Asker: 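Take this structure first; my questions come after.
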Amino acid sequence: MVKAVVGACWGDEGKGKITDMLAADADIVVRFQGGANAGHTIVNDYGKFALHLLPSGSFNQNVTNVIGNGVALDIEQLVNEIEEVVSKGVPRPNIVVSERAQVLMPYHRLFDSYEEERLSDRQFGSTKSGIAPFFSDKFSKIGFQVWELFEEDRLREKIKNVLEVKNLMLEHIYHKPLLDADELYATCKRYAEMIKPYVIDSVKFMHDAVKEGKTILLEGQLGSLKDPDFGIYPMTTSSSTLAGYGAIGAGVPPYEIKEIITVVKAYSSAVGAGAFVSEIFGDEADELRRRGGDGGEFGATTGRPRRMGWFDCVASRYGCRVQGTTAVAFTVLDVLGYLDEIPVCVGYEVDGEVIRDFPTTGKLEKAKPVFKVLPGWKSDIRGITKYEDLPENCRNYIEFIEKELEVPIKIVSNGPARQDIIMR
Ligand code: GDP
């Protein structure tokens with residue numbers, strides 16, 4: 001049984017918590033795309049953790065955590081993260097890495113910074129983790145799969161060829177110091193030693209797991225609106241954030257993905273630049289940011305303050321649709337308990353016309369939010385475990401949004417901890 005846990009919007013929906021919770025009954029958790037550029041926050045019995053590359057099943061000894069072939073593998077980051085959780089008392093997680101995953105090189109980070117510097121005020125707001133240069137190289141076929149680190153002669157030759165073009169760019173476009181082939185070779189050898197204990201043939205591993213009927217969770221990073229095809233291009237990430245891509249990035253047959261649990265947050269937040277129709281500003285935004293998430297809405301990887309907004313039905317419905325959602329996990333609902341009234345964006349006004357279908361970026365940038373105001377419930381809902389025990393206005397809020405999403409909300413999250421959960 002393969003399930004995917006993915007985000008509906010811009011990311012930070014609380015996927016980490018939902019995956020950590022579902023991992024209790026899983027055999028395998030797979031990261032299938034992205035890299036260390038975003039983070040999941042997980043609060044459990046061991047403490048609070050910001051994971052970047054480690055799959056969210058890392059706190060469960062019964063789970064094998066897979067870094068799938070679709071991931072941008074930052075070897076140093078992965079090994080540091082493993083050591084960090086172990087140093088905080090977590091039993092050493094079971095981690096395996098696909099031999100087909102590609103390796104994020106130190107120069108990918110450099111090129112990411114240099115390009116943002118070149119773009120100056122037109123920059124993308126990259127986290128500078130090297131993700132865009134990494135995926136450019138992957139599709140330009142000058143990336144390095146993990147297995148290549150172990151083939152010495154071939155590796156030397158390839159480094160020489162790749163650096164030829166990299167150094168031309170460094171010299172003529174960015175005017176930065178050139179890269180040295182021997183130094184990069186030594187780095188690759190170091191990476192090889194670091195990653196060796198984890199490397200497996202993940203294609204066979206996943207095939208066998210599916211055949212044996214194992215419970216497999218595919219864990220997505222970011223959300224639908226950051227998908228390079230369906231998101232707010234070009235203000236997107238560089239690998240697909242969709243459950244469908246899980247088939248590729250993890251290596252499972254597409255028809256085996258039976259459940260697609262899309263995580264939807266009870267209000268909106270976004271990091272980085274790009275259109276954000278239901279965005280709010282000033283004191284209203286500051287208050288929501290301060291009360292949001294678990295200790296405020298600040299990026300788990302970057303610490304940047306997140307942009308805040310009211311719930312966006314147009315974006316979230318679309319986000320669920322492109323994921324192929326079978327069930328929604330509705331999160332961070334407890335945060336809204338302070339509001340007398342809660343605006344919800346139900347349409348976009350574009351050139352004098354109100355639309356309900358999420359448009360392409362040009363129209364999106366012109367869109368003005370159409371809000372409907374729902375009554376608040378003015379109470380703390382943390383600790384409630386049964387749906388019927390939620391205040392009436394809170395249930396009305398959930399049910400209004402469920403109708404808008406056109407998919408059932410089956411999980412409600414009313415706090416950051418594992419047990420803060422209501423199943424419907
Ligand atoms: P992810 O990348 O989708 O996993 O999202 P993040 O972990 O970056 O952001 C979600 C934040 O909200 C984290 O700080 C979580 O601990 C927190 N969180 C998750 N679910 C809830 C919830 O139901 N209520 C509250 N208050 N915080 C939550």
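Indexing begins at 1, ligand by ligand and atom by atom, following the structure's order. All values derive from a computational prediction rather than experimental measurement.
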Asker: Measuring from atom 24 (N) of ligand 1, which candidate in Ile381, Asp334, Val5 has the nearest non-hydrogen atom?
Answerer: Asp334
Asker: For Gly415, counting its heavy atoms only, list the atoms of ligand 1 lying under 4.0 Å from any of them.
Answerer: 20 (N), 21 (C), 22 (C), 23 (O), 24 (N), 25 (C)
Asker: State whether the shortest distance between N or O atoms of Thr331 and N or O atoms of ligand 1 falls below 3.5 angstrom.
Answerer: no
Asker: When you compare the side chain of Asp340 with that of Trp377, does any pair of heavy atoms fall below 4.5 Å?
Answerer: no
Asker: Would you find a donor on one side and an acceptor on the other, under 3.5 Å apart, between the side chain of Ser224 and the backbone of Gly7?
Answerer: yes
Asker: State the atoms of ligand 1, each with its element, that fall below the 4.0 Å cut-off from a heavy-atom position in Gly16.
Answerer: 1 (P), 4 (O)
Asker: Assess, by modelled atom type and distance only, whether the side chains of Asn37 and Gln221 contain a donor and an acceptor separated by less than 3.5 Å.
Answerer: yes
Asker: If I apply the N/O under 3.5 Å rule, does Gly11 come out as touching ligand 1?
Answerer: no
Asker: Pull out every atom of ligand 1 sitting under 4.0 Å from any heavy atom of Ser413, numbered as shown with elements.
Answerer: 20 (N), 21 (C), 22 (C), 23 (O)
Asker: State the atoms of ligand 1, each with its element, that fall below the 4.0 Å cut-off from a heavy-atom position in Arg382.
Answerer: 26 (N)
Asker: Check whether any N or O atom of Leu333, backbone or side chain, sits under 3.5 Å from an N or O atom of ligand 1, and answer yes or no.
Answerer: no
Asker: Kindly state each residue pair satisfying salt bridge (Lys or Arg N to Asp or Glu O under 4.0 Å) with at least one member in residues 250-266, sequence neighbours excluded.
Answerer: Lys265-Glu297
Asker: Purely on distance, is any nitrogen or oxygen of Val335 under 3.5 Å from one on ligand 1?
Answerer: no
Asker: Which ligand 1 atoms are under 4.0 Å away from a heavy-atom of Lys17?
Answerer: 20 (N)
Asker: Taking atom types as modelled, find out whether Ser56 and Glu219 have a side-chain donor-acceptor pair closer than 3.5 angstrom.
Answerer: yes
Asker: Using non-hydrogen atoms of the residue, decide whether Asn414 is closer than 4.0 angstrom to ligand 1.
Answerer: yes
Asker: With a 4.5 Å cut-off on side-chain heavy atoms, are Leu155 and Phe144 touching?
Answerer: yes
Asker: Would you mind running through ligand 1 and noting each atom that sits below 4.0 Å from a heavy atom of Arg306?
Answerer: 8 (O), 9 (O)
Asker: Under 3.5 Å, is there a donor-acceptor pair between the side chain of Arg317 and the main chain of Glu404?
Answerer: yes
Asker: Looking at Tyr338, is Arg291 sitting on its ring face, NZ or CZ under 6.0 Å from the six-membered ring centre and within 45 degrees of the normal?
Answerer: yes
